[in-house]
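Note sheet for the following structure.
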Amino acid sequence: MNEPLPELQPLPDAERRHLAVVGAGLVGLCTALWLQRMGHRVTIIDPAPPLGDASYRQACSYGNACTFAPHGVVPVATSGVIWRVPGMLLNPLGPLAIVWRYLPHLVPWLRAFLASSTKAEVERIAGTLAALLSHADAAWQPLVMQAGAEGLKRHDGCLYLYKSEAQFRTADAENALRERHGVAMDRLERADIQNMEPHLAPLYHKGVLFRDAYVFSSPKQLAFALAQAVINGGGEIVRGEVSGIEPRDNGICLRIADTEFLADHAVVAAGAHSRKLTASIGDRVLLDTERGYHVLFPQAGHLLSRPVCYPEHGFYMVPMADGLRAAGTVELGGLAAPLNPRRTAMIRDGVKMLLPAAGQGSDEWLGFRPSMPDSLPVIGSSRRLPRVTYAFGHGHLGLTLSALTGYLVSQLVAGQTPAIDLAPLRPDRF
Ligand SMILES: Cc1cc2nc3c(=O)[nH]c(=O)nc-3n(C[C@H](O)[C@H](O)[C@H](O)COP(=O)(O)OP(=O)(O)OC[C@H]3O[C@@H](n4cnc5c(N)ncnc54)[C@H](O)[C@@H]3O)c2cc1C
């Protein structure tokens with residue numbers, strides 16, 4: 001699964017440009033670093049970048065499940081998902097739920113989501129994700145070294161657990177899909193799980209270990225280290241919210257409040273907020289958000305050795321620098337609605353049942369996965385403004401795929417043939 005990537009060569013002086021990167025999430029930060037490696041001058045623009053004493057909580061990159069997940073080849077819409085739609089509407093606290101009020105806005109996205117769930121589409125999407133995931137670690141390694149963030153990595157794999165033989169067999173279709181696409185996994189018996197994670201309540205029947213998965217023990221510290229590396233590399237990080245993007249002679253103008261920022265080329269990496277920027281250019285991109293939550297259990301970090309997920313519950317429990325983070329679930333409900341405390345209560349109850357010694361949860365967080373209906377990111381040029389490159393829509397895999405995205409964007413900006421076929425990731429594919 002761990003394939004190398006061709007080394008990128010710095011460009012000759014005449015081909016170096018000034019790039020503006022909109023958004024300082026992991027995707028924007030990694031993109032900035034890869035662009036710098038090609039010799040470009042880079043400015044990142046973000047209203048709340050990971051610098052100084054910023055909380056960084058607005059970024060999805062802050063609150064995720066910390067997991068580099070090469071097993072993530074299975075899209076969210078798998079065959080049969082259509083039969084789950086009534087349940088998604090009726091149970092607002094299910095692992096995958098639709099917020100009624102948001103339904104009218106969601107119709108085109110939902111239609112494309114369901115169209116992506118045919119057997120043939122799932123196989124095609126899994127193939128594309130596998131091609132990306134197989135190069136994802138190679139793209140991270142040089143950036144982690146450059147940022148001095150090796151100490152954040154913990155290599156112990158990731159466990160998926162099932163409570164009954166019926167659940168294990170149902171999951172076998174997805175696990176077989178993973179195996180067909182090269183994911184390294186071990187099937188585990190109850191005793192294996194008990195030895196590996198003795199603090200779990202013995203509710204498990206069988207499980208699977210994804211061997212190549214690893215954790216960044218603090219995505220926040222990772223982002224701060226990457227931002228510092230951008231600055232150390234001669235880049236700038238400017239505080240501001242970009243409200244629109246327009247063409248200029250030989251360049252691009254970004255509107256920030258009542259000022260204009262000029263650059264040769266722009267990359268839009270504003271996560272789930274990217275859609276209003278693509279709209280300002282006139283490109284229609286079917287981006288929405290899968291809202292996700294976390295609850296932190298500060299006293300429980302030592303109770304697990306690796307991320308543990310019961311797919312039935314829809315969240316991961318992850319040992320991290322700050323304690324144990326229970327993170328996940330999907331709510332299709334847009335960017336405006338506030339955190340639903342009933343959902344975080346459900347995560348707390350789940351942790352209490354699965355890991356009884358976890359104690360009290362403290363920090364609660366809602367974040368916005370930037371999601372396309374087919375679970376594939378967008379990496380490609382604007383149809384209207386070829387000097388604007390889009391890099392968003394990473395859904396459940398943004399931490400995993402951000403470094404590779406930066407690598408591929410820097411190839412696109414240099415006019416080189418990307419190491420991976422980007423046709424399935426075109427912005428206008430819907
Ligand atoms: C609960 C949960 C668990 C997850 N677990 C994992 C996991 O274990 N592994 C994994 O790989 N992925 C995981 N993900 C997904 C991952 O976190 C996201 O895909 C990823 O963080 C997206 O990164 P991003 O840089 O695109 O967006 P973000 O991190 O959201 O960054 C976007 C940035 O753009 C800025 N911005 C927004 N609008 C503008 C504007 N107009 N102008 C300038 N700047 C702007 C914002 O301030 C923000 O800093 C999880 C997500 C959630 C919610």
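Start at 1 and go down the list; that is how both ligands and their atoms are numbered.
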Output yes when a side-chain donor or acceptor of [X] lies under 3.5 Å from a complementary backbone atom of [Y], and no otherwise.
X: Trp34; Y: Val409; value: no
X: Thr400; Y: Ala69; value: yes
X: Glu179; Y: Met185; value: no

Just which atoms of ligand 1 are under 4.0 Å from any heavy atom in [X]?
X: Glu241; result: 40 (C), 41 (N), 42 (N)
X: Cys66; result: 8 (O)
X: Ile45; result: 43 (C), 44 (N)
X: Val22; result: 42 (N), 43 (C)
X: Leu26; result: 25 (O)
X: Leu397; result: 10 (C), 11 (O), 12 (N)

Between ligand 1 and [X], is the shortest N or O to N or O distance under 3.5 Å?
X: Tyr56; answer: no
X: Glu290; answer: no
X: Ala327; answer: no
X: Gly28; answer: no
X: Phe68; answer: no

Tell me, please: is [X] in heavy-atom contact with ligand 1, that is, under 4.0 Å?
X: Gly240; value: yes
X: Ala69; value: no
X: His294; value: no
X: Ala48; value: no
X: Tyr293; value: yes

> Looking at Phe216 versus Trp140, is the centre-to-centre ring distance below 6.0 Å?
Replying inline: yes

>> Which residues pass the side-chain hydrogen bond (donor to acceptor under 3.5 Å, both in side chains) test with Tyr407, not counting sequence neighbours?
In response: none

[atom] [closest protein heavy-atom partner, distance rounded to 0.1 Å]:
atom: atom 39 (C) of ligand 1; value: Ala270 CB, 3.9 Å
atom: atom 38 (N) of ligand 1; value: His273 CB, 3.5 Å
atom: atom 14 (N) of ligand 1; value: Asn64 CB, 3.5 Å

> With a distance cut-off below 6.0 Å to the six-membered ring centre and an angular limit of 45° from the axis, does Arg429 pair with Tyr390 as a cation-pi contact?
Replying inline: no

> Do Val76 and Phe113 have side chains that get closer than 4.5 Å, going by heavy atoms?
Replying inline: yes

> For the salt bridge (charged side-chain N to carboxylate O under 4.0 Å, His left out) test, which of Arg101, Arg291, Arg342 pairs with Glu331?
Replying inline: Arg291

> Under 4.0 Å between a Lys/Arg side-chain N and an Asp/Glu carboxylate O for Glu290 and Arg369?
Replying inline: no

> Does a salt bridge link Lys206 with Asp172, judged by any charged N lying under 4.0 Å from a carboxylate O?
Replying inline: no

